[in-house]
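To start, the structure itself, in structure tokens.
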Amino acid sequence: MERNSQLHRQVALMRQSLFDQGYLDEQFVQLEELQDDANPNFVEEVVTLYYRDSARLIASIEQALDKSPLDFNKLDSYMHQFKGSSSSIGGRKVKAECAQFREYCRAGNGEGCIRTFQQVKREYATLRKKLETYFQLARQAGPRDSASRST
């Protein structure tokens with residue numbers, strides 16, 4: 001029992017650090033509020049769909065960045081989708097980098113797009129790694145029983 005409560009404390013601390021470090025925003029909390037006993041893995045399932053969608057969009061952006069001349073409208077459209085997906089799970093840093101990329105698209109700045117896309121991919125990879133670790137620890141801790149909710 002002590003080990004279980006210790007794991008739950010670790011999960012709570014890890015979750016809080018994701019907010020404190022700016023990786024997640026309030027949207028993640030809203031997703032958590034939709035999770036219940038009938039769908040205890042809702043947040044993780046939504047995030048897994050985000051990973052799948054993101055992989056597709058990243059590949060599309062990479063292909064579009066390889067074309068010459070760059071189609072800034074197409075790049076902006078792909079990044080708009082990626083920004084929306086990131087926003088829907090509360091991916092604060094990824095969303096901010098996506099916004100910067102879109103600014104470079106609007107300015108027709110190909111070098112800025114390429115440079116910022118590298119940062120988008122780094123922030124995405126970091127967020128994914130941190131969330132995968134968080135969900136893994138949360139699964140190990142298991143659901144909180146009703147007695148521990150009141151403490």
- On the 0 to 90° scale, with breaks at 30° and 60°, tag the Tyr50-Tyr124 ring pair as parallel, tilted or perpendicular. perpendicular
- Rounded distance [0.5 Å steps], CG in Asp66 versus CD in Glu62: 7.5 Å
- Item | Nearest heavy atoms of Leu75 and Ala64, plus distance in Å | CD2-CB, 3.5 Å
- Message: Contact between Thr116 and Gln100 at the side-chain level, heavy atoms closer than 4.5 Å - yes or no?
- Response: yes
- Can you find a pair of side-chain heavy atoms, one from Phe117 and one from Cys113, that are under 4.5 Å apart? no
- Item | pair Phe101-Ile114: side-chain heavy atoms closer than 4.5 Å | no
- Item | Polar contact flag, side-chain donor to acceptor under 3.5 angstrom, Glu45-Asn41 | no
- Nearest heavy-atom approach of Lys83 to Cys98 is CB-CB, 3.6 Å
- Evaluate the side-chain proximity of Val11 to Gln140: yes if any heavy-atom separation is below 4.5 Å, no if none is. no
- Within the distance-only criterion (no hydrogens, no angle test), does the side chain of His8 pair as donor or acceptor with the backbone N or O of Gly142 below 3.5 angstrom? yes
- Query: Is any NZ, NE, NH1 or NH2 atom of the basic residue among Glu97 and Arg122 found under 4.0 Å from an Asp or Glu carboxylate oxygen of the other?
  - Reply: no
- Among the clusters formed by ILVMFWY side chains lying less than 4.5 Å apart, do Tyr104 and Phe72 turn up in the same one? no
- Between Ser87 (side chain) and Gly84 (backbone), is there a donor-acceptor pair under 3.5 Å? no
- Query: How long is the gap from CG on Leu127 to OH on Tyr23, to the nearest 0.5 Å?
  - Reply: 8.5 Å
- Task: Looking only at non-hydrogen atoms, find the nearest pair between Ser88 and Leu31 and report the distance.
- Result: O-CD1, 3.7 Å
- Query: Step by step, would you call Glu32 with Val43 a side-chain contact (heavy atoms from CB on, under 4.5 Å)?
  - Reply: CA-CA 6 Å; Glu32 289 177 321; Val43 176; 4.0 Å; yes
- Message: Gln119 vs Glu123, test: side-chain hydrogen bond (donor to acceptor under 3.5 Å, both in side chains). Steps then yes/no.
- Response: CA-CA 6 Å; Gln119 187 61 29; Glu123 290 297 348; 3.1 Å; yes
- Message: Surrounding NZ of Lys74 (heavy atoms of other residues, nucleotides or ligands, distance under 6.0 Å), is the total greater than 12?
- Response: no
- What closest approach, in Å, do Val46 and Ile89 show between heavy atoms, and which atom pair accounts for it? CG1-CG2, 4.0 Å
- Heavy-atom check, side chain of Phe82 versus side chain of Val94, under 4.5 Å: yes
- Task: Evaluate the side-chain proximity of Val120 to Met79: yes if any heavy-atom separation is below 4.5 Å, no if none is.
- Result: yes
- Message: Do the side chains of Glu132 and Lys129 get close enough for a salt bridge, i.e. N-O under 4.0 angstrom?
- Response: no
- Mind listing the closest non-hydrogen atom pair of Ala141 and Leu7 along with its distance? CB-CB, 3.7 Å
- Message: Quick check: closest heavy atoms across Ser85 and Leu57, and the distance to 0.1 Å?
- Response: OG-CD1, 4.4 Å
- Query: Should we count CZ of Arg102 as having more than 12 external heavy atoms under 6.0 Å?
  - Reply: yes
- Task: State, yes or no, whether a side-chain contact exists between Tyr134 and Arg15 at a heavy-atom distance under 4.5 Å.
- Result: yes
- Please examine the side chains of Glu26 and Val29, heavy atoms only from C-beta on, and report whether any two atoms are closer than 4.5 Å. yes
- Message: Evaluate Phe28 against Leu131 for side-chain contact (heavy atoms from CB on, under 4.5 Å), listing each step before the verdict.
- Response: CA-CA 11 Å; Phe28 190 81; Leu131 284 174; 4.2 Å; yes
- Item | Check: Gln21 main-chain N/O paired with Lys93 side-chain donor or acceptor under 3.5 Å | yes
- Message: Using the rule given for side-chain contact (heavy atoms from CB on, under 4.5 Å), can you reason through Lys130 versus Met14, listing the C-alpha separation, both sets of side-chain angles and the distance that settles it, and then say yes or no?
- Response: CA-CA 9 Å; Lys130 288 182 178 287; Met14 183 181 288; over 6 Å; no
- Message: Measuring from atom CD1 of Ile58 to atom CG of Asp53, what distance do you get when rounded to the nearest 0.5 angstrom?
- Response: 10.0 Å
- Task: Under the side-chain contact (heavy atoms from CB on, under 4.5 Å) rule, what do Arg128 and Val47 come out as? Steps first, then yes or no, please.
- Result: CA-CA 9 Å; Arg128 182 172 178 156; Val47 171; over 6 Å; no
